[in-house]
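Just so it is clear, the model here is predicted, and its values are computed rather than measured. Proteins come first, then strands; the chains are lettered A, B, ... in the order of their sequence lines, and each starts at number 1.
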Protein chains: 2
Amino acid sequence: MESDVSANSRLTIAAHTLTWIGLYQRRGHEVATSEQIATSVNTNPVVIRRLLGELRKAGLADSRRGAGAGWMLARDLAAITLLDVYQAIEPGPVFALHRATPNPECVVGHGIGPAMTAVYDDVEAALRRELAKTTLEDVLRDVLKAA
Amino acid sequence: MESDVSANSRLTIAAHTLTWIGLYQRRGHEVATSEQIATSVNTNPVVIRRLLGELRKAGLADSRRGAGAGWMLARDLAAITLLDVYQAIEPGPVFALHRATPNPECVVGHGIGPAMTAVYDDVEAALRRELAKTTLEDVLRDVLKAA
DNA sequence: TTAGTCGTAACTATAGCTATTACAACCCTA
DNA sequence: TAGGGTTGTAATAGCTATAGTTACGACTAA
C-alpha cells in the first residue's frame, strides 16, 4: 500500500502489464493471460483485461480469443513510450478549471479561466515531454537491473 | 461546468482567491472577506476559508479576526509563484505506484516500483519547474488583459 | 455590548478508481 | 463436435477526494 492512495496508479499498472507481456514473449511464449499478469500485479484479472482493452484500442496491445487465448504486444517495447501509454489510458487533464463558472461580472472571475488554461497547457506539455523520454524498453532495462 | 469534473480545481480556486485579494488590496482595501471572494469564485465561503487556511499555513496569506475581519496577502503577488500555491494545497503526487504491493517473486513485480518512481520524480520535477515560471502577478496581468 | 467574520466540525453529494462476481462469446484441441 | 480455457463486458460495492452546505463557538473592532 502506497502513501497516497488517491492518485492514479493506472499508468503504473499499464506499464507493469505491457512490460510483463514483453518480457514473457521474449522468453518464448506467444501470449500472456490476464490471470498471469494479475498475479504479478497483485490485482484482479478483470482489472487487467479492462486496462488492456484500452491499450488495444490505442494500438499498443492485441488479444486472441478462444482456447489458447491471451494477450500480446502490438509493437515492440522499444517502440512504446510512457506517453503512448499515458495517452491510451488517461482521460482528462491533471488540473481543472472551476466546477461552476465563476462570476463573469468580476474582472478576476472573467479572466482567470483563460489565464490558468494557458499555464495548464504548458504544464501538460512539459509532463508529456517528460513521459515521452522513456520507452518500455528503458523500463524493462531498469527492472532487470534491479533484480 | 468544465469538461472534466474529476481533476483538481483546487489550484485554480487558490490562484483565483489570492489574485482576487491582491487586486482588491491594490484598489485600497485592507482585507477581503471569504464571502466576497466566494461570490467571485461562485462557491461557498467555507470552501474559501478552508483553502485560505492552508495558504496561510504556507505563509502566503494572513487573516484578521473579529469585526472588520478578513484576509490579506502575506507576500506581494509578484513574490508568489504557482508552484508556491501548488505546494501549499496539493497533498500527493500526480502518479502513484500500485495500491497493493505487486508480486515480489516476479522480476517485473519486484523491479517496476523503483523504475516507475524514477520516471515519476522527473515528471513531478518538470511540472514544478513549469509552475514556478508563473507568478500571481503574471496571472493578474493576463486577467486584466482579458478584460 | 453588539455585530460581523473567522475557524472548524459534521454531514451530504458526486465522481473516479479498484475490486469482485457473473456470464455470454469465442475458438483451439482432442 | 464436444470440452474447456480465456476474453469481453455488465453490474455492483467499497474507498477516497473534492466540493458544497449548515451550524456554531471564538474573536475583536466599534
Take the protein atom [atom1] of [X] and the nucleotide atom [atom2] of [N], then report the distance between them rounded to whole Å.
X     : N      : atom1 : atom2 : answer
A/R10 : C/dG16 : CZ    : P     : 11 Å
B/N8  : C/dG16 : CG    : C1'   : 12 Å
A/L51 : D/dT9  : CG    : C1'   : 15 Å
A/I48 : C/dT18 : CD1   : P     : 10 Å
A/H98 : D/dA19 : NE2   : P     : 11 Å
A/R64 : D/dT7  : CZ    : P     : 11 Å
B/E54 : D/dT18 : CD    : P     : 9 Å
A/Q36 : D/dT6  : CD    : C1'   : 11 Å

Practice task
Assign A/G53 to base, sugar-phosphate, or nothing according to its heavy-atom contacts below 4.0 angstrom with the strands shown.
Solution key: nothing
Handout entry: Sugar-phosphate only, base, or nothing, as touched by B/G68 at under 4.0 Å among non-hydrogen atoms
Key = nothing
Exercise for the section: Quick one: closest heavy-atom pair of B/S9 and A/R99, and the distance? Expected result: OG-CG, 4.4 Å
Completion exercise
Shortest non-hydrogen pair, B/A78 vs B/E137, comes out as CA-CB, 3.6 Å
Exercise for the section: Report yes if at least one side-chain N or O of A/T43 is closer than 4.0 Å to OP1 or OP2 of C/dT18; otherwise report no. Expected result: no
Problem - Side-chain N or O of B/T33 closer than 4.0 Å to phosphate OP1/OP2 of C/dC6 - result: no
Exercise for the section: Report yes or no: is there a donor-acceptor pair, N or O only, under 3.5 Å between the side chain of B/R65 and the base of C/dC6? Expected result: yes
Practice task
Take B/W71 and B/G66, find for each the nucleotide of DNA chain C with the closest heavy atom, and name the residue whose nucleotide sits nearer the 5' end.
Solution key: B/G66
Problem - For B/E35, all residues meeting salt bridge (charged side-chain N to carboxylate O under 4.0 Å, His left out), sequence neighbours excluded - result: none
Nearest listed nucleotide, side chain of [X], among [options]:
X     : options                : value
B/R56 : C/dT5, C/dT8, D/dT7    : C/dT8
B/V47 : C/dT20, D/dT28, D/dG20 : D/dG20
A/R49 : D/dT7, D/dA19, C/dG7   : D/dT7
B/N44 : D/dT18, D/dG20, D/dG4  : D/dG20

Practice task
State plainly whether the residues B/D122 and B/R129 are in salt-bridge range, i.e. N to O under 4.0 Å.
Solution key: no
Practice task
Identify whether the distance between the nearest side-chain nitrogen and carboxylate oxygen of A/R128 and B/E130 falls below 4.0 Å.
Solution key: no
Handout entry: Side chains of A/L52 and A/I37 in contact at under 4.5 Å (non-hydrogen atoms)
Key = yes
Exercise for the section: Measure the shortest side-chain to side-chain distance between A/Q25 and A/L73 over non-hydrogen atoms and say whether it is less than 4.5 angstrom. Expected result: yes
Exercise for the section: By nearest nucleotide on DNA chain D, pick out whichever of B/I13 and A/S63 is the more 5' one. Expected result: A/S63
Identify the pairs formed between an N or O of the protein and an N or O of nucleotides 9-13 of chain C at a distance under 3.5 Å, and give each distance.
unit_1 : atom_1 : unit_2 : atom_2 : d
C/dA10 : N6     : B/R50  : NH1    : 3.2

Fill in the blank from the handout: ring-ring contact (aromatic ring centres under 6.0 Å, His included) filter on A/W20, not counting sequence neighbours, yields A/Y24
